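Single-structure report; data block below.
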Amino acid sequence: MMQQSDLIIIGSGPGGYRAAAYAARKGMTVTVMEKGEVGGTCLNRGCIPTKALCREAEVLETLREAGSMGIEDVTYTFNYAAAMARKDSVVSTLRQGVETLLSMPGITLVRGEAQFADANTVTCGGKQYTAPHIIIATGSKSKSLPVPGIDLPHVMTSTGMLSATTLPKHLCIIGAGVIGMEFASVYRSMGVEVTVVEFLKECLPVLDSDVAKRLRQQLSRRGVEFFMQSGVTAITATEVVFERKGKEQRVEADRVLVATGRAPHTDGLCLEQAGVAYERSGITVDEHLLTSVPHIYAIGDVNGRCLLAHAATMQGIHVVNQILGITDSIDMSAVPAAIFTLPEAACVGLSEDELKNAGMEYQVKKGFYRANGKALAMGESEGMLKLMAEAEGKIVGCHLFGAHAADLVQEVSVLMERGVTLKELGYMTHIHPTLSEIIQEAALS
C-alpha cells in the first residue's frame with residue numbers, strides 16, 4: 001500500500017531535519033527517510049565532533065600558556081581516550097535531540113535507503129511512499145585520491161580520524177582546506193607532529209589570500225609543517241611521497257588524513273528513474289533549489305552550491321516557503337563561514353582577490369587585534385580583519401583570523417544582508433572593551 005504525505009525529505013542532516021520541523025510547524029505532514037544516523041555528517045562525523053575536539057585543543061593551549069597569566073606550576077596529563085569519549089557523548093546528546101525533533105506530530109521517520117521508483121514514488125524500507133513535493137537532502141561524502149597506497153589501513157578520511165582510538169606520532173594531512181586545517185590545529189595541540197601537503201599555492205581558498213597566509217604562518221609557529229604547491233604521488237606504510245618544484249620529497253607518517261574535499265552523495269538514489277538532472281558537482285537546481293523535475297528540490301551539499309550545514313538549513317526553510325507560497329528574505333549570497341583552527345578564521349562575501357580579479361573599484365579597510373584592548377587583555381593579540389566594500393562604500397565582504405572570528409563575522413553578515421555601508425557601520429556604537437570594536441574601527445579608518 002502506498003504511503004502518502006505532503007512532503008518527503010530524503011536525508012536527516014541539518015537541511016533535512018530542520019526543513020521537516022519547519023514544515024510540520026506550518027501544518028504539513030512530512031516523511032523523513034534516513035539510512036544512517038539522524039543528524040547527518042555534520043552531527044555525527046563533521047561539525048560537532050570536530051568542534052568538541054577543537055575545544056579540547058583550546059583547553060590544552062590555555063594550560064600551556066597559564067604561566068603568562070601568572071598561574072604557575074600547572075601540571076596536567078592529556079587523556080586522549082577520555083577526550084574522544086567526551087566527543088562521543090556530545091554527539092550522542094545532540095543526536096537524541098534530533099530523534100526527539102523528528103518524533104514531533106506531523107513527522108514520520110522511516111529507516112532505510114531511499115530510492116526513486118519514478119518522479120512521484122520513493123521506496124524505502126520495503127515500502128513505497130508518495131508526496132506532491134520531495135526534497136533531496138542526502139549531503140556529501142569524502143573525496144578520495146587516485147594514488148598508490150590510498151587503501152592502506154593507516155590512511156583515513158575525517159570519519160576514520162574521528163573514530164581512531166590512539167594518537168599518531170606523525171600525522172600527514174593531504175589537503176589544506178577547512179577540514180585539513182582544523183585537524184592540523186587540533187592534533188598539533190594534542191602533541192602530534194603534523195605535516196600538511198597541499199597542491200595549491202595557499203591554504204583555505206575560501207579565504208582572502210592575505211588572511212589565509214597569515215593564518216598559515218600562525219600554525220607554522222605552533223609547529224605545523226606546510227608543503228605548498230605539492231602533489232602527492234604515493235603513500236607507503238611509513239611515508240607520504242610528493243612532488244614539489246620538480247623534485248620528489250618524502251615525509252614520515254604513521255597516519256595519513258586525506259582531506260581533499262567532498263563530493264555530492266547521490267549513490268543509490270536512482271535519480272535517472274525520476275528524471276532528476278545532475279553532474280559531478282551536484283544535482284542541478286535553480287535559484288529556488290528546484291531540480292529539473294517541477295516538484296523535486298535538492299538542498300545542502302548534494303546540490304554543490306555551498307557545502308555548509310547552515311546553508312543547507314536555510315535552503316530547506318526557503319524550499320518549504322516556496323512550497324507554501326510564503327515570500328521570504330533569505331539571502332544565500334551572504335553566507336558566513338568559519339574555520340575553527342587556533343586562532344579561528346572566518347569569512348562572508350567577497351575577498352579582495354575576487355574584487356581585484358573582477359576588475360571592480362573597491363575599498364579595503366583593515367583592523368588588527370594588537371590594537372584592541374579586549375584582545376590584549378585576553379592574550380589574543382594575533383589577528384587581522386579585512387572589510388571589503390564597493391567604491392561607494394556598500395560592504396560586500398569580511399575576511400579575518402583571530403580569537404572569536406566566527407562570532408565577529410556574523411555581525412558583518414547581518415549588516416551585508418541589509419546593505420549597510422562602511423560609514424553607517426562606523427557610526428554604530430560598539431561595547432568597549434570588546435573584540436567587535438575591531439569591526440567598527442576598521443570601518444572608520
Side-chain angles (χ1 to χ4, degrees), residues 45 50 53 57 80 140-263 280-281 307 339 341-342 345 351 353 357 401:
R45 302 171 298 281
T50 55
L53 295 182
Y80 179 68
S140 61
K141 59 185 178 180
S142 296
K143 286 183 181 177
S144 188
L145 197 65
V147 298
I150 196 68
D151 295 324
L152 289 170
H154 70 297
V155 180
M156 303 178 179
T157 63
S158 56
T159 299
M161 287 291 294
L162 289 169
S163 60
T165 56
T166 59
L167 277 174
K169 179 182 179 183
H170 193 152
L171 171 65
C172 180
I173 299 174
I174 303 172
V178 174
I179 295 172
M181 292 293 278
E182 286 187 352
F183 274 94
S185 179
V186 165
Y187 280 85
R188 184 59 197 142
S189 293
M190 292 179 177
V192 176
E193 295 178 33
V194 180
T195 302
V196 178
V197 180
E198 168 58 51
F199 184 75
L200 299 177
K201 183 178 181 180
E202 191 50 86
C203 68
L204 296 167
V206 297
L207 274 184
D208 181 276
S209 61
D210 188 15
V211 174
K213 178 182 178 181
R214 291 169 185 251
L215 176 64
R216 176 172 53 82
Q217 290 172 338
Q218 282 297 109
L219 265 66
S220 292
R221 293 188 188 103
R222 288 178 49 207
V224 178
E225 186 175 23
F226 287 92
F227 291 95
M228 311 306 291
Q229 295 179 285
S230 302
V232 174
T233 55
I235 302 170
T236 72
T238 58
E239 295 179 319
V240 173
V241 186
F242 58 95
E243 186 176 300
R244 183 169 181 259
K245 297 181 179 179
K247 295 182 179 180
E248 182 181 280
Q249 291 187 238
R250 297 169 177 261
V251 294
E252 181 183 352
D254 57 305
R255 189 170 301 164
V256 179
L257 167 61
V258 180
T260 50
R262 298 185 66 81
R280 286 182 61 187
S281 58
L307 277 64
I339 302 97
T341 47
L342 288 175
S351 65
D353 310 272
N357 292 337
F401 81 97

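Below, all heavy atoms of this structure are taken into account, side chains as well, without hydrogens, waters or symmetry copies. All figures in this text were calculated on a predicted structure; none of them were measured in a lab.
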Test side-chain contact (heavy atoms from CB on, under 4.5 Å) applied to Leu162 and Phe183, step by step = CA-CA 10 Å; Leu162 289 169; Phe183 274 94; 4.0 Å; yes
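A distance of 8.5 Å separates CE in Met181 from CD1 in Ile339, rounded to the nearest 0.5 Å. We find the SG-CG distance between Cys203 and Leu219 to be 8.0 Å, quoted to the nearest 0.5 Å. Rounding to the nearest 0.5 angstrom, the gap separating the SG atom in Cys172 from the CZ atom in Arg255 is 13.0 Å. Atoms OG and CZ, on Ser189 and Arg222 in that order, are 4.0 Å from each other to the nearest 0.5 Å. Taken from OG in Ser185 to CG in Leu53, the straight-line distance is 11.0 Å, to the nearest 0.5 Å. Distance check, rounded to the nearest 0.5 Å: CG of Asp353 to CG of Leu207 gives 10.0 Å.
When every heavy atom of Val196 is checked against every heavy atom of Gly175, the shortest pair comes out as CG1-O, 4.0 Å. Nearest heavy atom pair, residue Pro168 against residue Asp254, reads CA-OD2, 3.3 Å. Nearest heavy atoms, Ile173 versus Gly180: CD1-O, 3.5 Å. The two residues Pro205 and Leu200 have their closest heavy-atom pair at CG-CD1, 4.2 Å. Nearest heavy-atom pair, Val224 versus Ala184, reported as atom, atom and distance to 0.1 Å: CG2-O, 4.0 Å.
In this structure Tyr80 satisfies the side chain to side chain contact (heavy atoms under 4.5 Å, CB included) test together with Phe78, Met84, Ala164, Leu167, Tyr187, Met190, sequence neighbours excluded. Glu202 meets the side chain to side chain contact (heavy atoms under 4.5 Å, CB included) test with Ala212, Lys213, Arg216, Met228; sequence neighbours excluded. Checked against side chain to side chain contact (heavy atoms under 4.5 Å, CB included), Arg280 has no partners two or more places apart in sequence or in another chain. Listed by chain and number, the residues in a side chain to side chain contact (heavy atoms under 4.5 Å, CB included) with Lys201 are Gln229 (sequence neighbours excluded).
Applying the ring-ring contact (aromatic ring centres under 6.0 Å, His included) test to every pair with at least one member in residues 204-236, sequence neighbours left out, gives these pairs: Phe227-Phe242.
No donor-acceptor pair under 3.5 Å is formed between the side chain of Arg250 and the backbone N or O of Glu239.
Between the side chains of Arg45 and Ser163, no donor-acceptor pair of N or O atoms lies under 3.5 Å. When only modelled atom types and interatomic distance are considered, Arg221 and Gln218 share a side-chain donor-acceptor pair under 3.5 Å. Arg188 and Thr341 share no side-chain donor-acceptor pair at under 3.5 Å.
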Compile the donor-acceptor pairs under 3.5 Å between side chains in residues 147-158 and protein atoms, sequence neighbours left out, one pair per line.
residue: His154; atom: NE2; partner: Thr236; partner atom: O; Å: 3.1
residue: Thr157; atom: OG1; partner: Thr159; partner atom: N; Å: 3.3

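In Glu252, the CD atom is not crowded: 12 or fewer heavy atoms of neighbouring residues, nucleotides or ligands sit closer than 6.0 Å.
In this structure, the side chains of Thr50 and Val186 stay at 4.5 Å or more apart for every pair of heavy atoms. Residues Ile235 and Ile174 are in side-chain contact: their nearest non-hydrogen atoms beyond the backbone lie under 4.5 Å apart.
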